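See structure below.
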2 protein chains.
Amino acid sequence: MDCYAGCMEQVSTVCPSSDERVALFALLLDTNARLSRSFALRLEENCAMPLAWFEVLLQLRRAPEGRLRMNQIAEAIVHSTGGTTRLIDRLERAGLVARELCPTDRRAIYVAITTPGNVQLDEALRVHMDYLEEHVSSRLTCDERSALAGLLSKLNESR
Amino acid sequence: MDCYAGCMEQVSTVCPSSDERVALFALLLDTNARLSRSFALRLEENCAMPLAWFEVLLQLRRAPEGRLRMNQIAEAIVHSTGGTTRLIDRLERAGLVARELCPTDRRAIYVAITTPGNVQLDEALRVHMDYLEEHVSSRLTCDERSALAGLLSKLNESR
DNA sequence: GACAAATAATTGCATGAGCAACTATAATGC
DNA sequence: GCATTATAGTTGCTCATGCAATTATTTGTC
């Protein structure tokens, strides 16, 4: 209900397909699809690493002790728990992560990044930085990037 | 190479996993994943329509004569042409779109939105508007939304 | 005008992900 | 303390999607 007048929004019953917010949502989907697809392709070519693996390894590196529980990973990368089980299976088979038992809760499993996992992540991050240089830094100034980060954070707030 | 000093960016060889641009990229993936997942769920619940169908129908409505060629659809929704063929197969089977021959190029196929397709899209757009009201309008002001659109457009520029 | 290269769409195949059902363990209520 | 409920993770099944190969048609070249 904010600023309908100022933004000249369409009344939703007339032509919502050209509504400014519909366009914004579509633009978000589109931008994400193009960037993640092109980066995934490059990551696959240069590191033989699927994007989902990169996401997991990055989350693990960011985590306090380099490890997270299954459900935390699922939440962080926005996957189902079933999908996450299989994903971690593949990463573990490749030796990049290891499952560890949780001493205080026998239902829980810790997933920790291994040394080979860290090595591969470093390599992937080099490729990532090159990619970002080409596709992000060249298009947005530093101020614009931080503005974008702020706006996405607000949009991403759970409530 | 812009404004390294002013933004206090990490040197990439030290700790790129906490680099501001790495975080921005991750934030974009995350925001997209959460929004598209929650909207897809609602669309499925309220309209029994997959998000991919909604995307196709929206593109078709936006198109000049309510129709696009297969490769244009694939490009617009960022799918492979193979995946698009199957996707349009399902939409056609549901009666929401129709394939039409192209008189000037016999290799090409036009995909047009049908009357039932338009009806279903209207319904989906009502759900979409409600969703946007809850998840977008309540978090970003009108000015913020247009700023976000501008930034995403710049990020999305092909070159 | 014929042959080569490019383009449009479809198909076989493999795979990654979600959902729902299931097992195991922990927390809660009486 | 025991029964109920909730939580963590895995598995069977299904399905949507990408890739590479294939067919049909058009465009470009000589």
Side-chain angles (χ1 to χ4, degrees), chain A residues 29-30 32-34 36-45 48-57 67-94 96-112, chain B residues 29-30 32-34 36-45 48-57 67-94 96-112:
Chain A
L29 292 194
D30 190 60
N32 177 78
R34 288 180 204 286
S36 59
R37 174 178 281 243
S38 67
F39 174 58
L41 184 67
R42 181 176 299 198
L43 195 60
E44 195 64 62
E45 281 171 351
M49 182 188 289
L51 178 54
W53 292 26
F54 178 71
E55 291 187 82
V56 169
L57 295 176
R67 63 184 196 180
L68 289 170
R69 285 165 45 167
M70 292 295 294
N71 57 0
Q72 295 178 302
I73 295 175
E75 157 63 21
I77 65 172
V78 196
H79 272 221
S80 67
T81 61
T84 303
T85 293
R86 251 70 78 108
L87 178 54
I88 297 301
D89 286 348
R90 294 190 293 273
L91 274 153
E92 192 172 31
R93 223 175 297 131
L96 306 187
V97 305
R99 279 179 167 91
E100 298 174 358
L101 295 178
C102 173
T104 62
D105 186 341
R106 300 202 316 200
R107 294 169 303 179
I109 300 276
Y110 279 116
V111 178
Chain B
L29 292 194
D30 190 59
N32 176 79
R34 287 180 206 286
S36 59
R37 172 178 282 244
S38 66
F39 174 57
L41 184 66
R42 180 176 300 199
L43 195 60
E44 196 63 63
E45 281 171 350
M49 183 189 287
L51 179 54
W53 292 24
F54 177 71
E55 291 187 82
V56 170
L57 294 176
R67 64 183 197 182
L68 290 170
R69 285 165 45 167
M70 292 295 294
N71 57 358
Q72 295 177 302
I73 295 176
E75 157 63 22
I77 65 172
V78 196
H79 273 219
S80 66
T81 62
T84 303
T85 293
R86 250 68 80 107
L87 178 56
I88 297 301
D89 285 348
R90 294 189 294 273
L91 275 153
E92 190 172 32
R93 224 174 298 131
L96 307 187
V97 305
R99 280 180 165 89
E100 298 174 357
L101 295 178
C102 173
T104 62
D105 186 342
R106 300 202 314 198
R107 293 169 304 179
I109 300 276
Y110 278 116
V111 178

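The sequence lines fix the lettering, A, B, ..., with proteins before strands; numbering per chain opens at 1. Treat the numbers as computed from the prediction; the structure is a model and nothing was measured. Side-chain atoms are counted along with the backbone in the values below, which use heavy atoms only and exclude waters and symmetry mates.
Between the CG atom of Asn71(A) and the P atom of dT10(D) there is a distance of 10 Å, given to the nearest Å. At whole-Å resolution of the value, CD1 in Ile109(B) and C1' in dA24(D) are 11 Å apart. In this structure, the CD atom of Glu55(B) is 15 Å from the P atom of dA16(D), given to the nearest Å. Rounded to a whole Å, the CZ atom of Arg67(B) is 16 Å from the P atom of dA8(C). Rounded to a whole Å, the CD1 atom of Ile88(B) is 13 Å from the P atom of dA16(D). Atom P of nucleotide dC15(D) and atom CG of Leu51(B) are separated by 19 Å, given to the nearest angstrom. Rounded to an integer number of Å, the gap from CG of Asp89(A) to P of dT11(D) is 7 Å. Rounding to whole angstrom units, CG of residue Leu91(B) and P of dT10(C) are separated by 13 Å.
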Sequence-aligned protein contact record of nucleotides 15-23 of chain C, with B where the base is within under 4.0 Å of a protein heavy atom and S where only the sugar-phosphate is: -SSB-----

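For Ala108(A), taking side-chain heavy atoms from C-beta onward, the closest of the listed nucleotides dT11(C), dG9(D), dA6(C) is dG9(D). With dT10(C), dA8(D), dT10(D) as the candidates, the nucleotide lying closest to the side chain of Met70(B) is dT10(C).
Scanning both residues, Ile77(A) and Glu55(A), for their nearest heavy atoms gives CG2-CB, 4.1 Å. Leu43(A) and Leu51(A) get closest at one heavy-atom pair: CD2-CA, 3.9 Å. Among all heavy-atom pairs drawn from Ala76(B) and Asp30(A), the shortest one is O-OD1, 3.6 Å. Of all the heavy atoms in Met49(B) and Leu57(B), the pair that sits closest is CE-CD1, 3.8 Å.
With rounding to the nearest 0.5 angstrom, the CE atom of Met70(B) is 8.0 Å from the CG atom of Leu87(B).
Not one side-chain nitrogen or oxygen of Arg106(B) sits closer than 4.0 Å to the OP1 or OP2 atom of dA24(D). At the phosphate of dA8(D), neither OP1 nor OP2 sits under 4.0 Å from any side-chain N or O atom of Arg99(A).
Applying the side chain to side chain donor-acceptor pair (under 3.5 Å) test to residues at least two apart or on different chains, the pairs with a partner in residues 98-111 of chain A are Arg67(A)-Glu100(A), Asp89(A)-Arg99(A), Glu92(A)-Arg99(A), Asp105(A)-Arg107(A). Legend: side chain to side chain donor-acceptor pair (under 3.5 Å) pairs involving residues 78-87 of chain A, not counting sequence neighbours: none detected.
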